[in-house]
Amino acid sequence: YIEKLTINDIYEFASKNGITLKEYEANIIYSYTKKYWEVVVFSDHNPILRKVKDSLEPTTYNKLNELINFYKDKYKNYL
């Protein structure tokens, strides 16, 4: 799925979760998702988030962290 991920997927997922992304935020999230998805899914995602914290709006950063935690907890039996 990650290989086929598009920037529109980022916008759609954000929108469905109550996040309105600015273009630069979508680009950052897209780029880091493509590059670091395995770390985010299977390891501690906090170092990756800290890399982008100053580049995202605080509400976007907080919601992104919340969603990562939610989905990691929801699917922990499958990871």
Side-chain angles (χ1 to χ4, degrees):
Y1 181 78
I2 292 297
E3 289 178 12
K4 295 180 183 181
L5 185 72
T6 67
I7 195 81
N8 286 334
D9 295 325
I10 300 296
Y11 279 114
E12 288 175 22
F13 182 79
S15 179
K16 288 178 185 176
N17 286 282
I19 305 171
T20 302
L21 293 176
K22 295 181 173 145
E23 183 178 354
Y24 74 89
E25 291 179 308
N27 288 326
I28 290 167
I29 293 168
Y30 172 76
S31 173
Y32 273 75
T33 301
K34 293 283 278 188
K35 188 171 184 176
Y36 298 109
W37 72 271
E38 289 178 287
V39 174
V40 172
V41 171
F42 298 112
S43 301
D44 180 9
H45 65 277
N46 290 300
I48 302 300
L49 277 185
R50 280 194 291 276
K51 289 182 180 185
V52 299
K53 184 175 185 174
D54 292 335
S55 301
L56 301 175
E57 295 293 321
T59 53
T60 301
Y61 173 84
N62 291 333
K63 186 65 176 183
L64 183 60
N65 189 41
E66 179 184 311
L67 286 168
I68 291 170
N69 285 323
F70 172 79
Y71 283 104
K72 284 180 88 167
D73 186 56
K74 182 176 180 176
Y75 293 106
K76 65 184 170 197
N77 292 332
Y78 301 100
L79 300 177

Side-chain donor-acceptor pairs under 3.5 Å in residues 32-42, sequence neighbours left out?
{"residue": "T33", "atom": "OG1", "partner": "I29", "partner atom": "O", "Å": "2.6"}
{"residue": "K34", "atom": "NZ", "partner": "I2", "partner atom": "O", "Å": "2.8"}
{"residue": "K34", "atom": "NZ", "partner": "E3", "partner atom": "O", "Å": "3.2"}

Any side-chain heavy-atom pair from [X] and [Y] closer than 4.5 angstrom?
X   : Y   : answer
I10 : E25 : no
I7  : Y11 : yes
L64 : I68 : yes

* With a 3.5 Å cut-off and no angle check, do the side chains of E57 and Y24 form a donor-acceptor pair? ->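 Side chains of E57 and Y24: pair found under 3.5 Å.
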* Verify the distance criterion only: is there a donor paired with an acceptor across the side chains of N62 and T59 at less than 3.5 Å? =>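 No donor-acceptor contact under 3.5 Å links the two side chains.
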* What's the spacing between R50 CZ and D44 CG if we round to 0.5 Å? ->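 R50 CZ to D44 CG: 7.0 Å, rounded to 0.5 Å.
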* **CG-OH distance between L49 and Y61, expressed to the nearest 0.5 angstrom** =>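 Between L49 CG and Y61 OH, I get 5.0 Å after rounding to 0.5 Å.
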* Test side chain to side chain contact (heavy atoms under 4.5 Å, CB included) applied to N77 - qualifying residues, sequence neighbours left out ->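 So N77 forms no side chain to side chain contact (heavy atoms under 4.5 Å, CB included) with any residue.
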* Name the orientation class of the two ring planes belonging to Y71 and Y75 (parallel below 30°, tilted from 30 to 60°, perpendicular beyond 60°). =>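 Geometry flag for Y75 against Y71: parallel rings.
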* Asked: Taking it one step at a time, do D73 and N69 satisfy side chain to side chain contact (heavy atoms under 4.5 Å, CB included)?
  -> CA-CA 6 Å; D73 186 56; N69 285 323; over 6 Å; no
